[in-house]
Amino acid sequence: MSCWTALRSLSAAAQVGILFILLLVQLGEEVAAAAGNGGSWEVVVQNAGIASMHTAVTHYGNVVLLDRTNIGPSQLPLPPGVCRNNSQDRVSKHDCTAHSAVYTPGTNNIRPLFIFTDTWCSSGQFRADGTLVQTGGDADGNSKIRTYSPCPSSGTCNWVETTTPLQLGRWYASNQQLPDGTEIVVGGRSAFTVEFVPANGRGQYNVPLLTATNDAQNDNYYPFVHLLPNNELFIFANRDSILYNWQTHTTVKNFPTIPGEPRNYPSAGSSVMLPATAASGWTYAEILICGGSQFGAFLNPSLQPPASQTCGRILPLATNPAWVMENMPTRRNMGDMVLLPTRQVLIINGAENGSQGWGDATNANLNPVLYNPGFAAGTRFQTMTATTIPRVYHSTANLLPDGRILVAGSNTHQFYTFTQPFPTELRIEAYSPPYLTQGAAQPAIVSAPAAIGYGKSFAVTVSFSAVPSGVIELNLLSAPFVTHSYAQGQRLLQLGVSAPTKVADGYSITTTSPPSAVIAPSAYYMLFAVANGVPSVAAWVHIA
Ligand SMILES: *[C@@H]1O[C@H](CO)[C@@H](O)[C@H](O)[C@H]1NC(C)=O
Ligand SMILES: *[C@@H]1O[C@H](CO)[C@@H](O)[C@H](O)[C@H]1NC(C)=O
């Protein structure tokens, strides 16, 4: 029940799946040609050399890509003379190719990075100073903690393997940055505890939910973890969820079971916390979970049962929280959910049948859907333009500071195999949502503070070529660590804004930064100005 055991040969059903894919690829092209306002796709890198299964955008705007090391040589050489001699690696004891890289949007340059231990199915978060702290993985990487302190694209920064190990080896855990500046590492394969990095004297703590939700095909890997405005965590695994106090290490409340299918790996739904808002006094918290796979799909991949078509919403801090269900336009497992600067949720990537795992899904879902949380039930989904490239197991989607969505990876097979129904995918695409393709003028941030404390009033100057009607929103977005259909640490904070006043170089808007590290754990955030439903390019703001 793991990445490792999933190396079995492809099922007959998966092989039949190639026919469906060919059909869908053709269909996708027709949809792309017809859809004017469904956004657009572009292949930005034809061969990244590695297939990114873990992707994170740094505060320099470049993007860390991470593959796995025990997959054989990649197509991205390390610099001359640089090789990895790792006697612990399952496959490549001597390897002069890269398994991590940094990608620069715009120039589309790929710079190889040196990673020593295996990051396969690992987890991570950016800490307050912008360093990516990355934990766990397979084999020699199972209890590793690595850091990447980002630099401009002209720089030479690289991975550092730290000497302090995790207290428990973790594969398929989820991390969340906490208000105390540490990150909590939740669960993983046969790991029913949480721990903290750095530990600061704390140990491991059992979470009964993780044990209780470990069914015959697991379904509790990569749990969904959201930091709520009351400083407790919403933790979801399989079909169940709890309110968890990370300071007392206790379960505060059990929520009702979500209707429908299991939602975590290998069933692979996805989840976001809907945008937090100053307008609610920062008390509003609502969780959205979409997609998943039928129980048993992973145990018997030849069945290829339909994936989940449902989403559930819950208000975890309400007096009597209950799931409110709705239907997506199409079925999806292995979808990624991306919070957009416009406070919509993009659901992208994945498949319509089967489950997560190599060749365990068929019928790639090539059309993203846009979800408008504030619309009336029944009117929230819009189907977007299809891509032609299936993005199934081990694919990622990240919001870029320019408002596009970077889509990378898929099926990082052993030895990079390109002949299967879902080949190892080395191309990187960027999806431009309708807000970038409808010809509407984008506002531009002329000035914003580079750093700001909590609860501070500040001004942002925004310029327009088209005078905005209505409010100009200022929305902060974190940079999450994206892997396995879940963006760890993703959050959107909608600030309160004054009416824009005309100044020499645009409009000045006054706002107040988030009140505390509970609402906004200290980190670099992307600040977007949104006018007439169109976002600016983001300015990075350090909140501390
Ligand atoms: C790594 O291994 C290769 C061949 O196995 C050897 O030639 C080289 O000297 C080794 N490098 C280091 C730094 O140990
Ligand atoms: C996917 O599921 C649908 C709905 O059950 C079914 O009609 C279709 O045959 C399945 N596709 C594959 C490839 O098994």
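Basis for what follows: all heavy atoms, side chains included, without hydrogens, waters or symmetry-related copies. By convention here, the first residue in the shown sequence is residue 1. For ligands, and for the atoms within them, numbers begin at 1 and follow the listed sequence.
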- Message: Ring centroids only, cut at 6.0 angstrom: are Phe236 and Phe255 within range, meaning strictly under it?
- Response: no
- Task: Please confirm whether Asn353 comes within less than 3.5 Å of ligand 2 when only nitrogen or oxygen atoms on both sides are compared.
- Result: yes
- Query: Under 4.0 angstrom from atom 2 (O) of ligand 1, is there any protein heavy atom?
  - Reply: yes
- Query: Does the ring centre of Tyr172 sit less than 6.0 Å away from the ring centre of Tyr265?
  - Reply: yes
- Item | Atoms in ligand 2 with a heavy atom of Gln304 nearer than 4.0 Å | 1 (C), 14 (O)
- Of all protein heavy atoms, the one nearest atom 13 (C) of ligand 1 is Asn85 ND2, 4.3 Å
- Can the ring centres of His59 and Phe126 be said to be less than 6.0 Å apart? no
- Message: Is there a salt bridge (Lys or Arg N to Asp or Glu O under 4.0 Å) between Arg170 and Glu195? Walk through the geometry before answering.
- Response: CA-CA 10 Å; Arg170 291 184 195 263; Glu195 65 179 280; 3.0 Å; yes
- Task: Indicate whether the side chain of Thr164 and that of Thr162 have a donor and an acceptor atom separated by less than 3.5 Å.
- Result: no
- Query: Is Arg331 touching ligand 2 with its side chain, its backbone, both, or neither, if touching means heavy atoms under 4.0 Å apart?
  - Reply: side chain
